[in-house]
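Taking it in order: structure first as structure tokens, then the write-up.
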Amino acid sequence: MDMELRQEQERVNSVKETITEQINRLEAETSKRRMEVVNIRKHFWDEVKVNLDTFDDYLETIIGLRQEAQALSVSQSTHRHASKRLSALRRMQEVPYFGRIDFIEEGISTTERIYIGTSTLTDTSGENILIYDWRSPVSSVYYDYQPGPAKYTTPGGTIHGILEKKWQYLIRGGIIQSMFDTSITIGDEILQQVLGKGTDKHMHSIVATIQQEQNQIIRHDRGRMLIVHGAAGSGKTSAALQRIAYLLYKYRDMLNADQIILFSPNSMFNSYVSNVLPELGEENMQQVTFQEYLDHRLKNEFEVENPYNQLEYVLTAVDNPLYKTRIASIRFKASTRFFEAIKSYRESLESSGMVFRGISFRGNKIVTAKQITDKFYSSDTSLRFHNRLEKLKDWLIKQLDEVEKLERTKPWVQEEIDLLSNEAYHKLFTYLAEKRGFKGESIHDYEIEPEELARLIVRLKLKPLRKQIKAFRFVNIKGIYKQFFTDPILIKQWMDREAPEEWPAICLLTVKMLNEGKLLYEDATPFLLMKELIQGFQTNSSIKHVVVDEAQDYSPFQFEFLKRLFPSARMTVLGDFNQAIFAHASEMVDFHTLSGLYGPDETAAINLTRSYRSTKPIVEFTRGLVPNRERIIAFERDGEKPILTQLSNRDELHRSIASKIADLRKRQYSTIAIICKSAAESNVAYKSLSDIEEIKLVKSGTIEYEQGIVVIPAYLAKGIEFDAVIIYDASAEVYGNESLRRLFYTACTRAMHHLQLYSVGEPSHFLRDVAPEM
């Protein structure tokens with residue numbers, strides 16, 4: 001083994017030399033290309049002779065411009081590719097590769113040693129591959145097979161052969177720390193070492209330790225939708241990000257990072273996962289929360305509630321007299337039944353019910369709302385709905401044209417002209433002169449005509465109104481949406497089933513909020529859908545792939561909306577239905593709902609059952625909190641059992657937490673989370689524990705995920721892991737309601753190495769269910 005290790009280290013040294021040579025060559029090339037780009041930009045106009053006197057001169061100028069722009073584009077592109085390759089090589093200096101397969105291809109007698117890393121490396125001749133990219137077809141053998149018959153698929157067909165051996169390397173700073181023949185070694189020592197490390201402020205790539213089921217996710221390439229359901233800590237998100245890197249590699253001529261969008265749970269999570277793709281040499285995709293999208297579309301019309309404020313209400317406002325109504329509202333408006341009701345309501349507007357705004361100018365009505373309604377319903381009803389609106393818009397623009405002619409001679413126009421400043425008058429004069437063909441010195445020969453100036457003044461005054469009409473602002477979407485709730489009996493027209501018994505109260509609550517200019521979170525997507533169905537969907541066809549993380553937090557309604565929003569996109573959906581913590585959980589998405597989006601033939605589902613995040617004792621404890629516990633398998637990584645400490649009052653609690661944190665710090669845990677049920681409880685905990693050095697409070701607006709000691713609501717900790725987790729108060733008083741089981745499970749599954757639970761008074765029945773001895 002020592003001899004083999006020595007030979008392998010010699011190979012690493014040789015590969016490092018090749019990498020260093022290529023880095024030196026590329027550094028010189030990127031420097032040269034950078035100078036070229038700077039030079040072309042600096043002297044761009046020196047190289048182009050601008051002459052527009054004749055058509056031939058004009059043509060020559062255009063050709064010159066195009067040639068220079070093309071030269072600049074080529075230099076910029078070459079510089080960009082060289083820079084990207086340079087950063088990949090620099091990463092490979094530290095860790096050139098992590099795996100090796102000894103493979104005999106069918107029909108060939110010799111064994112080929114294939115080394116696998118994060119990027120391809122060839123020798124100086126460019127003919128021999130020293131390292132294969134983990135995404136290349138042959139690398140799939142490393143992830144999918146144990147020694148024996150194996151195969152991999154290439155664009156030219158399937159290659160069969162025998163996998164003789166499979167090795168894993170742990171290389172740091174160019175030195176082999178350890179290497180394993182995985183066909184002999186029992187268990188995955190490298191994975192254990194990786195998981196045994198502490199966390200930092202970023203998620204990292206896991207290409208060295210991808211397991212077979214995760215590899216299926218990464219390389220899956222069929223149908224419109226891939227659903228990944230996985231236990232907490234099973235590597236769903238990490239596998240999905242490697243999947244993006246794989247797709248960007250495989251379809252590099254057709255797909256770029258700008259055409260992929262990740263819907264993540266919160267802005268802090270965006271910061272947490274921002275490292276993964278750059279580590280693999282790929283640019284980051286677009287990342288957005290669903291709330292950010294809603295705000296972008298609706299903030300000018302409403303004060304839009306965010307999902308965390310909604311959840312905070314659900315967790316803390318049980319005594320509110322409207323609580324039962326609000327819960328019923330959240331659940332019903334999350335459903336596909338409500339989605340279909342909104343669609344039916346919109347279809348009914350074909351024949352009646354549209355609400356319009358009248359159009360006024362200077363306090364005078366140009367067209368009343370009734371006139372617009374009469375015009376809409378008297379015009380050609382055989383046209384498609386949106387085309388009818390377009391015709392209505394054109395008619396309104398014509399009414400505006402007529403008003404423009406009438407207004408020119410009115411006294412207010414002359415008053416406006418008299419009040420013009422010298423600067424404003426000069427601008428209007430210049431504009432009209434140039435429009436008439438006067439240029440340079442000849443501009444002074446132009447004599448302004450009063451009628452022309454009056455026409456321009458009126459046109460400028462009417463411009464905002466014209467813009468509003470072109471943007472369909474004469475359609476009163478808020479009024480149309482509100483109308484849906486004005487009479488509770490009306491919904492029977494648009495639904496084939498009964499509405500919930502709380503529907504009349506839901507209607508009153510919705511109208512009240514709309515009148516106050518507020519849009520509850522459960523109304524935001526339905527309102528936007530109504531707007532899109534009336535004005536025409538603002539689809540985004542440039543997006544080719546959508547990744548939805550924490551899918552269980554989205555309602556069936558929201559998925560129907562996303563499908564229509566990105567009509568050209570494939571979708572990867574990641575979720576753990578045991579972590580469905582939002583109030584619409586009874587109407588949450590499941591495999592059946594998601595399969596219905598594109599149909600079973602276009603949908604595939606992969607289950608990840610093995611949990612890697614936590615030690616075996618923590619996984620065995622947490623899986624007991626949820627149904628189907630037998631489907632969650634713990635990875636063989638030993639550790640201490642979770643601890644429950646029961647206390648009699650809050651003062652004792654805070655002293656005990658402070659002492660526990662001091663102990664955890666001594667044990668070199670760098671990320672410690674005190675997880676609370678809600679933001680309200682987090683505020684109380686943070687104030688009481690503020691004497692602890694460098695303690696931080698995480699709120700829903702927190703953007704950067706930071707290391708250290710944090711106090712955080714359970715719903716913001718989703719998707720993030722910590723070395724140690726302290727459950728602030730696991731008492732029956734705080735976690736007494738069965739509806740909080742999934743939230744409690746989510747909080748406990750954030751722990752990698754240590755889980756401490758405190759209870760002020762009697763512990764929650766969740767704990768009695770899972771560990772009676774606690």
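Taking 4.0 Å as the cut-off between side-chain N and carboxylate O, E340 and K343 count as a salt-bridged pair. Ion pair K718/D553 flagged as a salt bridge, since at least one NZ, NE, NH1 or NH2 atom sits closer than 4.0 Å to an Asp/Glu carboxylate oxygen. K518 has no carboxylate O lying under 4.0 Å from a charged side-chain N of E303, or vice versa, which leaves the two without a salt bridge. Look at E522 and R331 and you find no salt bridge, because none of the NZ, NE, NH1 or NH2 atoms lies under 4.0 Å from a carboxylate O.
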* Derivation of the side chain to side chain donor-acceptor pair (under 3.5 Å) call for K482 and N515 -> CA-CA 9 Å; K482 189 164 78 170; N515 286 341; 2.8 Å; yes
* To do: Could you walk me through whether R243 and T572 pass side chain to side chain contact (heavy atoms under 4.5 Å, CB included), step by step?
  => CA-CA 9 Å; R243 171 168 168 71; T572 299; 2.9 Å; yes
* Does the side chain to side chain contact (heavy atoms under 4.5 Å, CB included) test come out yes or no for F290 and V548, once each step is laid out? -> CA-CA 10 Å; F290 193 69; V548 181; over 6 Å; no
* **Full working for ring pair (Phe, Tyr, Trp, His ring centres under 6.0 Å) between F621 and Y745** => CA-CA 10 Å; F621 167 79; Y745 169 79; 9.9 Å; no
* Mind running side chain to side chain donor-acceptor pair (under 3.5 Å) on T603 and R224 for me, showing each step along the way? => CA-CA 6 Å; T603 306; R224 289 290 299 277; over 6 Å; no
* Evaluate the salt bridge (charged side-chain N to carboxylate O under 4.0 Å, His left out) criterion for residues E560 and K563: first the C-alpha distance (whole Å), next the side-chain angles of each, then the deciding distance (0.1 Å), finally the verdict. => CA-CA 5 Å; E560 290 283 359; K563 174 189 171 181; 5.0 Å; no
* Asked: Where do T510 and K333 land on the side chain to side chain donor-acceptor pair (under 3.5 Å) test, with the steps shown first?
  -> CA-CA 11 Å; T510 309; K333 289 173 182 174; 2.8 Å; yes
* **Criterion side chain to side chain contact (heavy atoms under 4.5 Å, CB included) on L562 and M571, from CA distance to verdict** => CA-CA 10 Å; L562 285 173; M571 208 178 272; 4.2 Å; yes
* side chain to side chain contact (heavy atoms under 4.5 Å, CB included) assessment of I606 paired with H229 -> CA-CA 6 Å; I606 295 174; H229 178 247; over 6 Å; no
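Using bins of under 30°, 30° to 60° and over 60° for the plane-to-plane angle, the ring pair F485/F338 lands in the tilted bin. By the 30° and 60° cut-offs, the orientation of the rings of F766 relative to F744 is tilted. Below 30°, between 30° and 60°, or above 60°: for Y481 and F527 the angle between ring planes is above 60°, a perpendicular geometry. In this pair, F557 and F339 present their aromatic rings perpendicular. The plane angle is above 60°, beyond the 30 to 60° band. Ring geometry for Y345 against F484 counts as perpendicular: the plane angle is over 60°, on a 0 to 90° scale with 30° as the lower cut.
Remark: the N306 side chain and the Q310 side chain contain no N/O donor-acceptor pair separated by less than 3.5 Å. Between the side chains of D549 and S264, no donor-acceptor pair is found at a separation under 3.5 Å. Defined by atom type and a distance below 3.5 Å, a donor-acceptor pair is missing between the side-chain atoms of K699 and N683. A side-chain donor from one of Y293 and R297 sits under 3.5 Å from a side-chain acceptor of the other. Judged purely by distance below 3.5 Å, without hydrogens or angles, the side chains of E738 and H765 pair a donor atom with an acceptor atom. No donor-acceptor contact under 3.5 angstrom links the side chains of R613 and T749, judged on distance only. Between the side chains of Q214 and Q216, not a single donor N or O lies within less than 3.5 Å of an accepting N or O. E305 and Y313 form no side-chain donor-acceptor contact under 3.5 Å, judged by distance and modelled atom types alone. With hydrogens and angles left out, the side-chain atoms of Y246 and D221 include no donor and acceptor closer than 3.5 Å.
Each of N578, D576, T609 was checked for a side chain to side chain contact (heavy atoms under 4.5 Å, CB included) with I632, and the lone residue meeting it is N578. With L528 as the fixed residue, the side chain to side chain contact (heavy atoms under 4.5 Å, CB included) test singles out one of L298, D523, V304, L565: L298.
S611 places a side-chain N or O within 3.5 Å of a backbone atom of A232 that can act as its donor or acceptor partner. Under a 3.5 Å cut-off, the side chain of R357 and the backbone N or O of V475 do form a donor-acceptor pair. Under the 3.5 Å distance criterion, the side-chain polar atoms of R742 are matched with a main-chain donor or acceptor of F577. Panel note: side chain S351, backbone S348; a donor-acceptor pair is recorded below 3.5 Å. Remark: side-chain polar atoms of E312 are paired, donor with acceptor, to backbone N or O of A679 under 3.5 angstrom. A donor-acceptor pair is defined here as one N or O able to donate and one able to accept, closer than 3.5 Å; such a pair exists between the side chain of E292 and the backbone of T289.
M285 contributes atom CE, which lies 5.0 Å from atom CG of L241 (distance to the nearest 0.5 angstrom). Note that the CD1 atom of I675 and the CD atom of E681 stand 11.5 Å from one another [nearest 0.5 Å]. Distance check, rounded to the nearest 0.5 Å: CG of L697 to CD1 of I712 gives 9.0 Å. Distance check, rounded to the nearest 0.5 Å: OG1 of T622 to CZ of R750 gives 9.5 Å. Note that the CD1 atom of I727 and the OG atom of S759 stand 12.0 Å from one another [nearest 0.5 Å]. Expressed to the nearest 0.5 Å, how far CD of Q558 lies from CG of L294 amounts to 7.0 Å.
By the neighbour-count criterion of 12 heavy atoms within 6.0 Å, atom CZ of R473 is sparsely surrounded, having that number or fewer from other residues, nucleotides or ligands. No more than 12 heavy atoms of other residues, nucleotides or ligands sit less than 6.0 Å from atom CD of E733.
For D601, there are no side-chain hydrogen bond (donor to acceptor under 3.5 Å, both in side chains) partners two or more places apart in sequence or in a different chain. Judged as a salt bridge (charged side-chain N to carboxylate O under 4.0 Å, His left out), and not counting sequence neighbours, the contacts of E350 are R346, R388. Qualifying salt bridge (charged side-chain N to carboxylate O under 4.0 Å, His left out) partners for D374, counting only residues two or more places apart in sequence or in other chains: K370.
The side-chain heavy atoms of L262 and V546, taken from C-beta on, include no pair separated by under 4.5 Å. Residues K478 and E301 have side chains not in contact (no heavy-atom distance under 4.5 Å, counting atoms from C-beta outward). S568 is listed as a side-chain neighbour of K544, based on a closest heavy-atom distance under 4.5 Å. Under the 4.5 Å side-chain criterion, counting only non-hydrogen atoms from C-beta, Y323 is in contact with V314. You'll find the side chain of T525 stays beyond 4.5 Å of the side chain of Y521, heavy atoms only.
Side-chain rings of F561 and Y554 stay apart, their centers remaining 6.0 Å or farther from each other.
Annotation: cation-pi geometry not satisfied between K677 and Y728 (NZ/CZ under 6.0 angstrom from ring centroid, within 45° of ring axis).
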